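Given the structure is predicted, the values throughout are model-derived calculations rather than measurements. Every number for a ligand or one of its atoms is a count from 1 in the order of the listing.
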Amino acid sequence: MKLIDGRAVAEEIKSSLKIELFELTQNNQRIPTLAAILVGDNPASKAYVNNKVKTCKEIGFNSLLVKLPSDISEADLLKEVERLNNNAEVDGFIVQLPLPKHIDEVKVTLAIDPKKDVDGFHPINFGRMAQGLPCYLPATPYGITLLLKRYNIETAGKHVVVVGRSNIVGTPISILLSRKTEVGDATVTLAHSRTKNLHEITLQADILIAAIGIPGFITEDMVKEGAVVVDVGINRVEDDENTGKSKLVGDVDFDGIKNKSSYITPVPGGVGPMTVMGLIMNTLKAAKKEIYP
Ligand code: BQF
């Protein structure tokens with residue numbers, strides 16, 4: 001078993017971004033600026049936004065955190081989105097999900113200017129991704145492709161099984177890996193909660209990507225000997241020892257699978273840190289006007 005160390009790869013990328021930022025400023029180009037809208041005080045959402053802001057600071061990017069109360073109306077949130085769309089200081093921004101129940105996430109996503117949509121969630125960017133046009137890739141799929149590349153994991157001709165069909169992970173990673181690209185040319189099966197005989201399908205996977213959101217869902221009996229296992233799950237569960245504390249676990253039974261897989265991503269420290277780097281890479285592209293000149 002080889003561990004895919006997302007934390008280490010994220011650090012490598014941070015180092016190279018610091019150098020690139022230095023070169024940008026030498027050429028009198030703008031310092032990339034990321035803004036984030038955080039609605040309410042969900043502890044997990046706060047932690048995610050703080051990770052993103054902290055990573056910007058570490059590299060030397062500018063960041064702007066817009067904190068809004070959980071009872072903000074949808075109309076007022078849409079106004080804040082419009083303000084960031086029109087703020088020339090901001091290269092790209094995100095609205096941290098999930099949003100409170102009274103707010104329509106689709107409406108908010110549609111309100112973001114696709115040129116500043118560094119999460120890559122707007123249907124314009126999704127559609128451009130699906131057709132292989134320049135776009136902001138959704139952060140988690142982007143991070144997964146960076147990890148596969150970094151570890152020289154061949155995808156061409158391989159059978160990738162993705163479990164989970166969300167708009168932000170399962171569906172876009174299945175599209176990306178099936179396209180005729182560097183990290184692509186795979187034969188992809190997209191499995192989900194209504195898939196029959198899931199074991200039979202996952203056992204065929206050369207590369208298994210778990211993005212279901214159920215702790216420990218993928219067990220040893222579902223994995224082929226020598227498979228590459230990518231765990232996208234971030235689930236907070238109670239600690240075993242009755243300490244009252246919680247811990248992060250993935251969608252994969254790591255201890256059960258680690259000796260059967262060729263490569264495996266841990267949780268924490270696997271895909272999670274690379275999700276943040278995907279966002280950061282998109283912010284750099286936004287500042288350089290690489291996607292939408
Ligand atoms: C790690 C996210 C579910 C719903 C909304 C590093 C992150 C997580 C884990 C992180 C996630 C998950 C993010 C680790 C951002 C990934 O060390 O394993 C970083 O900050 N993430 C998000 O913004 O929204 C989510 C998961």
Side-chain angles (χ1 to χ4, degrees), residues 3-14 34-59 61 63-68 70 92-101 103 105-106 108-109 112 117-122 136-147 150 163-173 209-217 229-237 239 246-252 254 258 264-283:
L3 198 70
I4 298 180
D5 189 341
R7 234 173 241 153
V9 177
E11 288 303 323
E12 289 173 11
I13 295 174
K14 272 185 218 170
L34 172 70
I37 298 180
L38 174 63
V39 180
D41 47 18
N42 176 290
S45 294
K46 268 189 185 168
Y48 297 146
V49 166
N50 288 338
N51 276 344
K52 295 166 191 179
V53 168
K54 189 174 130 244
T55 306
C56 282
K57 292 217 169 90
E58 283 169 5
I59 298 165
F61 285 11
S63 59
L64 171 69
L65 177 52
V66 181
K67 288 186 192 171
L68 301 171
S70 58
F93 68 97
I94 64 159
V95 178
Q96 182 64 46
L97 301 182
L99 290 169
K101 286 178 296 296
I103 296 173
E105 287 182 359
V106 174
V108 174
T109 302
I112 299 171
D117 170 37
V118 285
D119 254 342
F121 292 167
H122 193 290
Y136 297 113
L137 295 175
T140 301
Y142 191 5
I144 294 170
T145 63
L146 292 172
L147 275 183
R150 174 64 182 74
V163 190
R165 55 179 154 184
S166 72
N167 286 340
I168 62 177
V169 182
T171 301
I173 193 68
I209 302 182
I212 317 131
I214 303 173
F217 183 83
V229 179
V230 177
D231 189 353
V232 187
I234 303 279
N235 309 291
R236 197 163 278 284
V237 299
D239 212 337
S246 68
K247 60 171 182 179
L248 285 189
V249 299
D251 293 348
V252 168
F254 183 90
K258 63 176 194 250
I264 187 165
T265 66
V267 176
V271 173
M274 292 303 293
T275 293
V276 178
M277 292 325 296
L279 172 69
I280 297 287
M281 297 288 282
N282 281 340
T283 305

Q: Which atom pair, heavy atoms only, marks the closest approach of Ile59 to Ile280?
A: CD1-CG2, 3.6 Å
Q: Grab the two heavy atoms, one from Thr265 and one from Gly270, that are nearest each other, plus how far apart they are.
A: CB-CA, 4.2 Å
Q: By salt bridge (charged side-chain N to carboxylate O under 4.0 Å, His left out), which residues pair with Arg7, not counting sequence neighbours?
A: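 Applying salt bridge (charged side-chain N to carboxylate O under 4.0 Å, His left out) to Arg7 gives none.
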Q: Restricting to non-hydrogen atoms, name the atom on Leu279 and the atom on Leu34 that form the minimum distance, rounded to 0.1 Å.
A: CD2-CD2, 3.9 Å
Q: So, for Leu97 and Phe121, which heavy atoms are closest and what is the spacing to 0.1 Å?
A: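 Nearest heavy atoms, Leu97 then Phe121: CD1-CE1, 3.9 Å.
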Q: For a distance cut-off of 3.5 Å, show me each N or O of ligand 1 paired with any protein N or O, plus the separation.
A:
{"residue": "ligand 1", "atom": "17 (O)", "partner": "Gly269", "partner atom": "N", "Å": "3.3"}
{"residue": "ligand 1", "atom": "18 (O)", "partner": "Gly269", "partner atom": "N", "Å": "2.8"}
{"residue": "ligand 1", "atom": "20 (O)", "partner": "Asn51", "partner atom": "ND2", "Å": "2.9"}
{"residue": "ligand 1", "atom": "23 (O)", "partner": "Lys52", "partner atom": "NZ", "Å": "2.5"}
{"residue": "ligand 1", "atom": "23 (O)", "partner": "Gln96", "partner atom": "OE1", "Å": "3.4"}
{"residue": "ligand 1", "atom": "23 (O)", "partner": "Gln96", "partner atom": "NE2", "Å": "3.0"}
{"residue": "ligand 1", "atom": "24 (O)", "partner": "Gln96", "partner atom": "NE2", "Å": "3.1"}

Q: Using every non-hydrogen atom in the two residues, find where Met277 and Ile13 come nearest and quote the distance to one decimal.
A: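 That closest heavy-atom pairing would be CE-CG2, 3.7 Å.
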